[in-house]
Amino acid sequence: MDLKYSESDEAFRSELRAWLARALPELPAHPGREDWKARRRFDTDWQRRLFDAGYAGLSWPREYGGRDASPSEQLVFLEETTAARAPNVGVNFVGLLHAGPTLMTEGTDEQKARHLPAILRGDEVWCQGFSEPAAGSDLAALRTRAVRDGDDYVVTGQKIWCSFGQVGDFGELLVRTDPDAPKHRGISWLILPMDLPGIEVRPIETVLGSSEFSEVFLDEVRVPVANRVGAENDGWRVTQVTFSFERGTAFVSEMVEARRLLDDLAALTADQVDRRELGHIAAELDALWALTKRNVSQAARTGSPGDGALMIKLAYSETRARLGELSLRVLGRAGLDLDAPEVGEMVEERLRTLSLTIAAGTSQIQRNIISERLLGLPREPMMTL
Amino acid sequence: MNFDLTADQEALRDGIRSRCVSRFPMKRVRDGFDRSVWDELGEAGVFSLRADGFGLADAAIAFEELGRALVPGPLVWGHLAAGRAGGITGGIDVVADGPVIVEHLDAIDALAVIDAEGVRLVPAAVIAGAEPAARPLDPLTPVHRVGRLPDGDRIGGIDLLTQWRLEGAVLIGAFLVGIARACTDLSVAYAQERRQFDRPIGSFQAVKHILADMAVRTEVARASVHAAACTVDDPQMEVTRAVSGAKLLAGDAAVTNGLAATQVHGGMGFTWEVDVHLYLKRAWLLGTAFGTSGAHADTVADCLPAKGDTP
Ligand SMILES: Cc1cc2nc3c(=O)[nH]c(=O)nc-3n(C[C@H](O)[C@H](O)[C@H](O)COP(=O)(O)OP(=O)(O)OC[C@H]3O[C@@H](n4cnc5c(N)ncnc54)[C@H](O)[C@@H]3O)c2cc1C
């Protein structure tokens with residue numbers, strides 16, 4: 001058990017630091033929230049720069065264009081990019097952090113060859129079409145139908161809360177392929193090209209005042225059977241694989257960013273009571289970073305990140321919510337203006353943070369999962385999560 | 001960087017755990033601390049771990065198991081004072097002059113006193129006018145009120161004081177993580193066995209969610225204590241921040257889990273018979289040792305940028 005980075009980790013760190021010092025000043029200004037075309041361009045351009053410099057897909061195998069980096073190098077990467085205030089994954093979130101990893105684990109050779117390098121280069125943006133109006137926490141209740149017709153599935157239904165739907169090239173799509181089977185056994189996981197005829201994307205305005213997610217209407221959309229990931233009707237199992245990445249690893253980059261925000265907030269905080277609360281939150285974020293190191297170390301040894309990974313999302317989003325609330329308390333009336341110089345970003349972050357305990361499985365659902373899978377408590381009657 | 005327990009550390013943990021299970025069942029723990037407990041832990045090498053070449057991280061692993069079993073006694077002090085004092089050594093961290101509450105006074109040979117200048121050792125026999133509390137908050141930790149502590153012999157200055165405060169906070173933190181863990185285990189077991197409305201109470205979300213939070217709190221605190229221990233062993237990070245964060249989270253986890261366990265046990269949780277109150281009371285007691293949560297939170301905050309700094 002040790003926390004010391006190796007010499008090669010430190011060498012990687014200084015090389016990366018030097019690269020960031022050159023690359024960041026060349027970046028254009030960050031576009032406005034509602035300008036999705038520009039946001040896509042900015043985020044994918046950054047991804048391309050990372051790729052060209054050899055920093056894309058650190059954890060991905062070389063055959064897909066990744067770096068096959070050690071777990072500790074991945075952590076160093078997050079520490080350094082955050083410290084340097086480099087852009088975060090942005091619209092590349094789904095592709096890089098859960099769709100890509102799902103394809104790597106469950107996809108066919110063709111699917112991997114087609115998508116993985118493109119995701120890494122920033123050529124492909126992904127979104128997620130899981131939730132439906134009547135299937136949120138009870139995701140397996142989803143109704144979007146896929147009927148086999150020759151080499152295609154004909155898909156009809158509605159998805160909702162689709163982040164990056166406006167700019168996505170491909171979607172992770174869950175459909176019902178067997179309406180007669182028990183609800184978890186009739187689902188399939190498809191790759192949905194977002195430019196197929198019959199797809200309509202309608203942005204939804206969020207509490208931020210911008211449209212961070214969309215409704216997606218599917219009307220007899222013909223999706224090739226070759227786009228199915230995993231066996232027909234085995235999509236619920238593939239979904240759990242996606243969730244293991246989405247809830248386990250995808251949150252890690254968020255977490256380092258929260259530590260930076262905490263420092264920013266500290267620099268505005270004088271009140272002793274508020275500073276004490278900051279100390280509490282800092283201790284929690286430090287501990288979650290340590291827990292991440294533990295998960296990563298365990299995953300390297302056993303292939304599975306262990307119990308800690310199931311807990312990270314819940315613990316982080318709850319701690320982060322407290323940081324958000326504290327930030328408004330510290331800002332006081334200065335926080336009443338979303339465009340205020342210096343502090344506007346913090347207010348916007350407070351609003352965005354409201355979603356963290358909801359997205360990717362609410363805190364209540366995470367508690368159900370932890371108590372049933374980890375602690376072995378009896379299931380809620382009639383519920384499978 | 002490999003933050004996983006090594007095979008040796010797992011063996012150490014399992015060894016201490018099985019010794020606790022066989023030698024310190026709750027029936028014996030409820031008898032409180034005496035020389036036999038001290039001698040047995042001494043034979044097991046708990047106090048001499050460091051002299052035997054183990055690090056603070058290893059000691060933390062051992063102390064978590066002792067906490068899980070709720071083994072009574074001035075164990076952390078015994079560990080800190082090993083090699084510097086003979087016999088049973090208790091201790092106290094004195095912030096200001098005036099009357100103090102001393103633990104286990106009747107059972108110890110000497111009292112280590114951390115004061116503003118360092119550490120001194122006071123033979124228990126020369127401590128006069130001590131008044132025992134008839135009803136100590138933690139029934140397994142007898143306390144005396146002492147008007148004034150004699151001077152004793154100075155055994156170290158500021159360096160020792162600093163080292164003991166850091167190591168003491170980490171080891172108490174580890175013990176508290178053990179308490180948090182035990183409270184979770186007791187509650188999960190009870191929630192599976194106790195039935196109401198024709199089903200185990202552990203199938204009700206209102207109960208399950210309490211238990212899930214207990215498990216998460218324990219895991220987060222454990223990571224924090226292990227990180228602090230590793231940092232003290234190899235100070236490449238900010239030592240004070242890591243240690244204060246650990247004591248803070250471990251103390252909060254133990255008390256919060258003790259309270260939660262009381263709730264999950266219903267009326268049974270309010271009885272002397274069920275062990276939960278013993279864990280909770282020790283958590284309260286240890287919360288006052290080696291720095292309170294509030295003080296540690298302030299210490300962490302002092303490591304953050306100050307108002308007006310450019311972060
Ligand atoms: C910012 C954001 C981005 C998102 N991005 C995507 C995306 O890209 N793709 C996608 O598919 N989805 C996305 N989602 C959807 C997200 O996964 C769902 O919102 C979430 O799973 C909750 O579902 P729901 O909104 O239907 O709430 P509901 O399921 O209706 O829940 C409402 C409340 O009831 C509680 N509740 C429900 N069932 C239970 C139960 N069994 N036990 C206890 N409490 C319960 C919930 O915890 C919640 O508090 C996103 C959501 C947000 C906020």
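Within every chain, numbering begins at 1; the chains are lettered A, B, ... in the order of the sequence lines, protein sequences first and strands thereafter.
Using a 4.5 Å cut-off between heavy atoms, A:Leu314 touches chain B through its side chain atoms alone. Contacts of A:Asp286 with chain B are made by side-chain atoms alone, with heavy-atom separations under 4.5 Å and no backbone atom involved. Contacts of B:Ile61 with chain A are made by side-chain atoms alone, with heavy-atom separations under 4.5 Å and no backbone atom involved. Heavy-atom distances place no part of B:Ala7 under 4.5 Å from chain A, backbone and side chain included. Proximity to chain A is limited to the side chain of B:Asp213, based on heavy atoms less than 4.5 angstrom apart. The contact between A:Gln364 and chain B is made by backbone and side chain atoms together, counting heavy-atom distances below 4.5 Å. Only the side chain of A:Leu262 comes within contact range of chain B, with heavy atoms under 4.5 Å apart. For A:Ser72, the parts lying near chain B are the backbone and the side chain together; criterion is any non-hydrogen pair under 4.5 Å. Both the backbone and the side chain of A:Glu284 come within less than 4.5 Å of a heavy atom in chain B. Only the side chain of B:Asp252 has a heavy atom closer than 4.5 Å to any heavy atom of chain A.
The shortest side-chain heavy-atom distance between A:Val76 and B:Met1 does not fall under the 4.5 Å cut-off. Annotation: side chain of A:Met311 is not in contact with side chain of B:Val220 (no heavy-atom distance under 4.5 Å). Taking the side chain as every heavy atom from C-beta outward, A:Arg275 and B:Asp298 never approach each other to under 4.5 Å. No side-chain heavy atom of B:Ser203 sits under 4.5 Å from any side-chain heavy atom of A:Arg379.
Remark: A:Leu3 CG to B:Asp234 CG distance equals 8.5 Å, nearest 0.5 Å. Atom CD1 of B:Ile201 and atom CG of A:Leu377 lie 9.5 Å apart (nearest 0.5 Å).
When all heavy atoms of A:Leu375 and B:Leu211 are compared, the closest pair comes out as CD1-O, 3.6 Å. Listed here is the closest heavy atom pair of A:Asp2 and B:Cys230: CA-SG, 4.1 Å. Here the shortest heavy-atom pairing between A:His280 and B:Leu248 reads CE1-CD1, 3.3 Å. The nearest pair of heavy atoms linking A:Ala315 to B:Val216 is CB-CG1, 3.7 Å. The two atoms that bring B:Phe3 and A:Ser297 nearest to each other are N-OG, 2.8 Å, heavy atoms only.
When each of A:Ala266, A:Ala283, A:Ala267 is checked for heavy-atom pairs under 4.5 Å with chain B, A:Ala267 comes out on top. Contacts with chain B were tallied for A:Asp264, A:Leu75, A:Val296; A:Asp264 has the most, counting heavy-atom pairs under 4.5 Å. Options B:Arg241, B:His296, B:Arg222 differ in how many heavy-atom pairs under 4.5 Å they form with chain A, and the most are formed by B:Arg241. Per-residue heavy-atom pair counts under 4.5 Å with chain B were compared for A:Ala282, A:Ser371, A:Ala300, and the maximum is reached by A:Ser371. Taking B:Ser244, B:Gly202, B:Ala228 one by one and counting their heavy-atom pairs under 4.5 Å with chain A, the maximum is reached by B:Gly202. The choice from A:Ser70, A:Pro378, A:Ala287 that makes the most heavy-atom pairs within less than 4.5 Å of chain B is A:Pro378. Of the listed residues (B:Ala191, B:Pro200, B:Gly245, B:Ala215), the one with the most heavy-atom contacts under 4.5 Å to chain A is B:Ala215. Comparing A:Ile281, A:Ile370, A:Leu278, A:Thr269 by heavy-atom pairs within less than 4.5 Å of chain B, the highest count is held by A:Thr269. Between chain A and the residues B:Ala229, B:Ala301, B:Pro305, the largest count of heavy-atom pairs under 4.5 Å involves B:Pro305. If you tally non-hydrogen atom pairs under 4.5 Å between each of A:Leu291, A:Leu265, A:Asp9 and chain B, the highest count goes to A:Leu291.
Few gaps surround CD on B:Glu10; more than 12 heavy atoms of other groups in view lie less than 6.0 Å from it.
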Can you list the steps and then say if B:Glu219 with A:Arg294 is a salt bridge (Lys or Arg N to Asp or Glu O under 4.0 Å)? CA-CA 11 Å; B:Glu219 209 62 44; A:Arg294 165 138 307 157; 5.5 Å; no

Step by step, would you call B:His209 with A:Asn368 a side chain to side chain contact (heavy atoms under 4.5 Å, CB included)? CA-CA 7 Å; B:His209 287 192; A:Asn368 285 352; 2.5 Å; yes

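Between the side chain of B:His226 and the backbone N or O of A:Met1, no donor-acceptor pair lies under 3.5 Å.
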